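Bear in mind the structure is a predicted one, so any value in this text is a computation, not a measurement. Atoms within each ligand, like the ligands themselves, are counted from 1 in listed order.
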Amino acid sequence: MAERAVVINLTAVPTQRPAWADIDLSAIAHNARELCGEVAPAALLAVVKANGYGHGAVAVSQAALSGGATWLGVALVEEGIALRNAGIEAPVLVLSEPAPAAMADVVRFGLTPTCYTPEGLAAAAQAAESAGGGPLPVHVKVDTGMHRVGATPDAAAALVAQVRRHPYLTLGGVFTHLAVADELDNAYTGRQLEQFSATVATLGERPPLLHAANSAGALWHPAGRFDLVRCGIALYGLAPSADQLGTEVVGRLRPAMSLRARVSFVKTLDAGARMSYGLRYELAQRSVVATVPLGYADGVPRRLAQQGGEVLIGGRRCPIAGTVTMDQILVDCGPRASVAPGDEVVLLGTQRGADGRDATIGAWEWAQRTGTIAYEVVCGISERVPRRHG
Ligand SMILES: *Cc1c(COP(=O)(O)O)cnc(C)c1O
């Protein structure tokens, strides 16, 4: 008996929730334009896997295409199908080799598969032949040192020959993936690019599209741009690594996601009061404490509080007071703070204070406090948080 997945789709329930993620689609389009300008004449493939790094894959795809991206990239066949179901017609590359059983859908939905095994190519060819349409373009991935997926450089020529021989396949491109492109001085990237070029040189006729660069590669390794760059994190306005936060090009990008909520409850507590699970936070002075309805089930890392995490209220930084709970956090707003239920709280993003000055908390700030990268922060904002695209 076939198993049926039970899907509780909260996005189908009209939300009243006073907590949300704003997704600035003009920032996505702007970032796409900036990246296109930076890498020209190479083209931009917008990586929209994992629901567009948590930003909403369909809306992000449309914004990226409007900003000049010509390709989209996904991790899963299902993600590609979701784009097609939303009416998106741009070429979509599935970045790893789909399972043989998924190749029929790859063909049916007009997705471009990555292949790096003879079995994968055979499955792609069979699916294309059964569908009886034109030849299916495939991109062959070569492993030049990331050692995640891809054919060895030695095996690449045989795979490419297999594609070229087959009447139902056509070679759309050949690519590789860089392991340390975010480390500017690491010579390994240069060696990967050399290995890639050397491999391409064994393939005879130049493949129509060569690509190697992720965001860091696109920004910092011009020799790796080839025909197409595959940008995810930079498209969302975030630096590929914390070391690059101050660079000129990153300064031209605009973070697209902010995480906001409204204060749900306010009380004044005396000096010495302790709060939240474990009573780990103690007030040094009588203070206004606000409750904010976002927690670790929404993607606010539980570790953030112990690591000095803050939020913005009224344009001021205020510490998260005590343990992050599943659905709520407490915030120490300080003595005599004027804070009321309904006031806007910014967990990630920018807020203007009464003095007209902007304060900002970025995804890299969370990442550095919690020992991760901004990628994981934005991907971690859970489905439960409604996205407001604007
Ligand atoms: C995720 C991914 C990218 C995008 O990487 P960023 O660092 O977010 O730009 C590019 N290429 C491949 C193969 C990927 O898996």
### Task
Report the part of Met146 (side chain from C-beta onward, or backbone N, CA, C, O) that has a heavy atom under 4.0 Å from ligand 1; answer both or neither where that applies.
neither

### Proximity to ligand 1 by part of Arg148, non-hydrogen separation under 4.0 Å
side chain

Please confirm whether the backbone N or O of [Y] pairs with a side-chain atom of [X], one donor and one acceptor, at under 3.5 Å?
X: Thr350; Y: Thr360; value: no
X: Asp332; Y: Val289; value: no
X: Gln192; Y: Ala179; value: yes

Protein residue, atom and distance nearest to [atom], heavy-atom basis:
atom: atom 9 (O) of ligand 1; result: Ser215 OG, 2.5 Å
atom: atom 12 (C) of ligand 1; result: His177 CE1, 3.4 Å
atom: atom 1 (C) of ligand 1; result: Lys49 NZ, 1.4 Å
atom: atom 4 (C) of ligand 1; result: Tyr53 OH, 3.4 Å
atom: atom 7 (O) of ligand 1; result: Tyr375 OH, 2.6 Å
atom: atom 11 (N) of ligand 1; result: Arg230 NE, 2.9 Å

#### Entry: Atoms in ligand 1 with a heavy atom of Cys231 nearer than 4.0 Å
9 (O)

### Message
Give the atom numbers and elements of ligand 1 that come within less than 4.0 Å of a heavy atom of Lys141.
### Response
13 (C)

### Message
Could you check whether Glu97 and Thr117, counting side-chain N and O atoms only, form a donor-acceptor pair closer than 3.5 Å?
### Response
yes

### Donor-acceptor side-chain pairing of Ser96 and Lys141 below 3.5 angstrom
no

#### Entry: Close N or O approach (Ile233, ligand 1; < 3.5 Å)
yes

### Query
Can you find an N/O atom of Gly232 closer than 3.5 Å to an N/O atom of ligand 1?
yes

#### Entry: Between His211 and Trp71, ring centroids under 6.0 Å
no

### Query
Below 4.5 Å, heavy atoms only, C-beta onward: do Asp327 and Pro293 meet side chain to side chain?
no

### Student check: side-chain heavy atoms of Pro207 and Val160 closer than 4.5 Å
no

